[in-house]
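For reference, the structure discussed in these notes is given below.
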Amino acid sequence: MKQFDYLVLGSGIAGLTFALKVAPQGRVAIVTKKDRAESNTNYAQGGIASVTSQEDSFESHVRDTLAAGAGLCKEKVVRTIVEEGPACIAELIELGMKFSEREIPATPGALELDLGKEGGHSKRRILHAKDVTGREIERALLDAVSHQPNIEIFENHIAIDLITSQKLGYVGANRCLGAYVFDKKNNCVTTFSAPVTVLATGGCGKVYLYTTNPDIATGDGVAMAYRAGASIANMEFVQFHPTCLYHPNAKSFLISEAVRGEGGVLKTLNGQEFMDAVHPMKSLAPRDIVARAIDSEMKKSGADCVHLDITHKSAKFIIERFPNIYSTCLRYGIDITKEPIPVVPAAHYQCGGVVTNVDGATDIAGLFAVGEAACTGLHGANRLASNSLLEALVCAHRAAANIMASPPDKSELKIPLWQSGQATNADELVVVAHNWDEIRRLMWDYVGIVRTNKRLQRAQKRIANLQEEIHEYYWNFIVTADLLELRNIATVAELIVRCALVRPESRGLNYNLDFPNPNPEWAQRDSVVRRAP
Ligand code: FAD
Ligand code: SIN
């Protein structure tokens with residue numbers, strides 16, 4: 001049994017920011033399932049959206065966020081996050097984050113932040129570190145953490161389940177007491193107890209066959225919170241990024257929206273621009289619209305991909321602004337300064353998640369969720385580009401400040417140690433691998449960019465069958481990381497389908513051919529699901 005004041009699950013921007021803020025007041029455990037930097041954060045390219053220019057305004061950022069969110073954002077939450085962004089970013093810079101700068105045109109020698117542009121933004125407002133913003137954020141935060149004696153990081157530790165008072169049979173309001181955690185290297189389960197547990201476990205792109213997300217993104221936080229009895233909302237709003245590199249050997253490589261922000265144009269394989277007819281913002285329209293247009297173009301023509309062309313910009317500009325995209329594509333034989341980039345949409349971001357307020361509080365005492373794992377109401381039915389790093393940063397600050405100002409119940413309750421199943425099974429690996437593949441493929445085919453109720457119901461039946469099998473495995477055999485993740489992607493798949501079936505309309509990222517229009521009755525309604533008691 002390990003005891004801490006704060007248990008943080010995840011070491012992306014949300015978990016690390018929270019840990020750094022509370023560390024002066026208590027001992028913090030950061031539990032993370034791979035190496036400390038491995039997270040969605042680490043792969044973020046475009047940057048962080050925030051108002052830092054005289055030509056921009058909070059009002060304009062709020063308006064763009066609400067427009068992308070298609071009527072479902074919580075305006076008060078949007079305002080809070082947008083308005084508190086600049087101060088949190090200033091702190092990040094203070095910690096050592098280096099954003100790209102440019103020379104101020106009228107003042108040679110003087111520098112200002114270089115601001116990028118992305119889909120749905122009416123102004124240049126994206127702070128970035130060339131095209132490797134996330135890598136630089138992780139570097140800066142992990143460096144700061146390494147100087148904090150109160151923080152201990154447990155790498156290659158995967159949280160299995162939350163420990164709650166209700167599950168242990170205690171009477172009274174449900175309280176989170178910590179988590180059971182699988183130590184992958186030593187093959188054992190450790191009990192972590194803490195009065196505050198923070199889910200900063202990120203998203204669930206791996207639920208889909210094609211995704212921009214790294215392997216860690218299996219929706220563990222949402223699945224754990226659901227099993228613990230927390231409310232989960234809006235899981236039907238899975239954001240498909242329009243431009244993932246299409247190449248047989250490339251795994252999940254994103255071509256940043258910033259490429260379109262700098263003039264990149266979407267074209268058919270015949271060189272025809274097709275976004276002009278779809279939206280006034282053309283290739284820079286909000287993501288849901290661009291992803292659907294590409295999907296429809298590919299279905300119409302039977303092509304495997306479309307093209308993103310930035311060859312009209314100078315090679316010098318492209319290589320300086322997008323060094324990572326340029327060199328990665330070149331490794332696959334594509335010189336983006338001379339030829340268009342083959343791209344396809346892929347699952348990218350989970351707009352729904354564990355229901356929280358803007359301070360990260362869930363409906364279970366002592367349990368908080370921050371970052372992509374949480375559903376605060378910022379994104380509504382479709383996230384505006386580069387608003388997720390902003391949300392994670394601001395909400396981690398707010399959660400830490402609020403918890404320190406009014407600490408939760410610290411009275412100790414007895415927690416039993418983990419009871420391990422004894423059986424091992426020789427054919428386990430192949431069954432787990434098969435079920436992983438089946439879920440991801442059926443989610444892609446039946447619960448993708450365009451849905452119908454019939455396909456959703458088919459998916460629901462198949463997921464239920466798979467869950468029965470997984471359940472049996474889980475209770476009879478010794479746990480492994482693959483089995484834990486499989487159980488979680490099955491739960492998240494179930495939640496996405498359930499939320500999609502609850503919503504009788506098309507709105508933002510949820511496009512259902514049986515209900516092709518928005519339904520005004522659902523304009524401000526979240527699709528909330530909870531585990532039956
Ligand atoms: P993550 O950064 O994903 O961190 C999750 C952490 O939890 C990881 O450390 C993981 O190992 C750990 N974890 C998960 N499950 C467990 C478990 N069971 N036990 C222990 N640890 C666990 N957003 C923007 O705003 N701007 C961008 O430019 C941008 N670009 C992106 C590019 C790519 C390729 C991708 C994939 C996403 C991008 N996003 C971008 C989205 C953004 O990166 C994420 O939403 C954000 O980084 C999420 O931060 P987080 O801290 O909530 O989660
Ligand atoms: C990108 O660089 O296109 C990703 C931005 C985001 O997901 O917000």
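Hydrogens, waters and symmetry mates play no part in the numbers below; they use all other heavy atoms, side chains included.
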What residues form a side-chain contact (heavy atoms from CB on, under 4.5 Å) with [X], not counting sequence neighbours?
{"X": "Lys414", "value": "Tyr170"}
{"X": "Lys167", "value": "Asp161, Thr164"}
{"X": "Ser406", "value": "none"}

Criterion salt bridge (Lys or Arg N to Asp or Glu O under 4.0 Å) on Asp445 and Arg458, from CA distance to verdict: CA-CA 11 Å; Asp445 289 340; Arg458 272 199 187 131; over 6 Å; no
If we only count heavy atoms from C-beta on, is the [X] to [Y] side-chain gap below 4.5 Å?
{"X": "Ile160", "Y": "Trp418", "answer": "yes"}
{"X": "Lys74", "Y": "Val358", "answer": "no"}
{"X": "Pro214", "Y": "Lys34", "answer": "no"}
{"X": "Ser11", "Y": "Phe154", "answer": "no"}
{"X": "Arg383", "Y": "Arg287", "answer": "yes"}
{"X": "His241", "Y": "Tyr349", "answer": "no"}
{"X": "Trp522", "Y": "Val502", "answer": "yes"}
{"X": "Tyr6", "Y": "Val198", "answer": "no"}

Ion pair check, [X] and [Y], cut-off under 4.0 Å:
{"X": "Glu136", "Y": "Arg139", "answer": "yes"}
{"X": "Glu505", "Y": "Arg525", "answer": "no"}
{"X": "Arg451", "Y": "Glu236", "answer": "no"}

Please check this pair: side chain of [X] against backbone of [Y], looking for a donor-acceptor N/O pair closer than 3.5 Å.
{"X": "Glu118", "Y": "Glu257", "answer": "no"}
{"X": "Asn512", "Y": "Ser506", "answer": "no"}
{"X": "Ser386", "Y": "Gly47", "answer": "yes"}
{"X": "Tyr208", "Y": "Val447", "answer": "yes"}
{"X": "Asp5", "Y": "Gly26", "answer": "no"}
{"X": "His157", "Y": "Glu155", "answer": "yes"}
{"X": "Asp514", "Y": "Asn453", "answer": "yes"}
{"X": "Asp359", "Y": "Ala399", "answer": "no"}
{"X": "Lys184", "Y": "Lys33", "answer": "yes"}
{"X": "Arg462", "Y": "Glu438", "answer": "no"}

Over 12 foreign heavy atoms within 6.0 Å of CZ, Arg227: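 Yes, because the 6.0 Å sphere around CZ of Arg227 holds more than 12 heavy atoms from other groups.
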When rounded to the nearest 0.5 angstrom, what is the spacing between [atom1] in [X] and [atom2] in [Y]?
{"X": "Cys395", "Y": "Ile13", "atom1": "SG", "atom2": "CD1", "value": "11.0 Å"}
{"X": "Ile126", "Y": "Ile48", "atom1": "CD1", "atom2": "CD1", "value": "10.0 Å"}
{"X": "Tyr226", "Y": "Arg498", "atom1": "OH", "atom2": "CZ", "value": "4.0 Å"}
{"X": "Ile81", "Y": "Glu391", "atom1": "CD1", "atom2": "CD", "value": "5.0 Å"}
{"X": "Arg175", "Y": "Leu168", "atom1": "CZ", "atom2": "CG", "value": "10.5 Å"}
{"X": "Ile137", "Y": "Phe99", "atom1": "CD1", "atom2": "CZ", "value": "6.0 Å"}

Hey, are [Y] and [X] close enough side-chain-wise for a donor-acceptor pair under 3.5 Å?
{"X": "Gln239", "Y": "Asn382", "result": "yes"}
{"X": "Glu38", "Y": "Tyr43", "result": "yes"}
{"X": "Thr80", "Y": "Arg398", "result": "no"}
{"X": "Asp409", "Y": "Ser411", "result": "yes"}

Might you point out which heavy atoms bring [X] and [Y] nearest each other, and give the distance in Å?
{"X": "Cys244", "Y": "Thr211", "value": "SG-O, 4.5 Å"}
{"X": "Cys375", "Y": "Ala233", "value": "SG-O, 4.0 Å"}
{"X": "Ile30", "Y": "Ala19", "value": "CD1-CB, 3.6 Å"}
{"X": "Ile449", "Y": "Tyr511", "value": "O-CB, 3.7 Å"}
{"X": "Ala225", "Y": "Val354", "value": "CB-CG2, 3.7 Å"}
{"X": "Ala500", "Y": "Leu456", "value": "CB-CD1, 3.8 Å"}

Sole residue of Leu162, Val370, Thr356 in side chain to side chain contact (heavy atoms under 4.5 Å, CB included) with Leu199: Leu162
Test applied, side chain to side chain contact (heavy atoms under 4.5 Å, CB included); reference residue, Leu486; option that passes from Leu466, Ile470, Thr491: Ile470
Steps toward side-chain contact (heavy atoms from CB on, under 4.5 Å) verdict (Cys204, Val222): CA-CA 9 Å; Cys204 69; Val222 169; over 6 Å; no
Glu59/Arg63 under side-chain contact (heavy atoms from CB on, under 4.5 Å): CA gap, chis, key distance, verdict: CA-CA 6 Å; Glu59 213 43 52; Arg63 230 183 2 256; 4.0 Å; yes
Test log, rule side-chain contact (heavy atoms from CB on, under 4.5 Å), inputs Arg503 and Asn234: CA-CA 9 Å; Arg503 185 171 291 280; Asn234 293 356; 4.0 Å; yes
Ring centre gap for Phe18 and Phe368 strictly below 6.0 Å: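 Ring centres of Phe368 and Phe18 not closer than 6.0 Å.
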Pair listing, side-chain hydrogen bond (donor to acceptor under 3.5 Å, both in side chains) test, anchored in residues 192-206, at least two apart: Lys206-Asp215
Aromatic ring pairing Phe192/Phe4, orientation class (parallel under 30°, perpendicular over 60°, tilted between): parallel
Pair Lys2-Leu7, side-chain contact (heavy atoms from CB on, under 4.5 Å): steps then yes or no: CA-CA 10 Å; Lys2 293 188 187 294; Leu7 171 61; over 6 Å; no
Residue list, side chain to side chain donor-acceptor pair (under 3.5 Å) with Glu75, at least two apart or on another chain: Arg79
Qualifying residues under side chain to side chain donor-acceptor pair (under 3.5 Å), relative to Arg27, sequence neighbours excluded: none
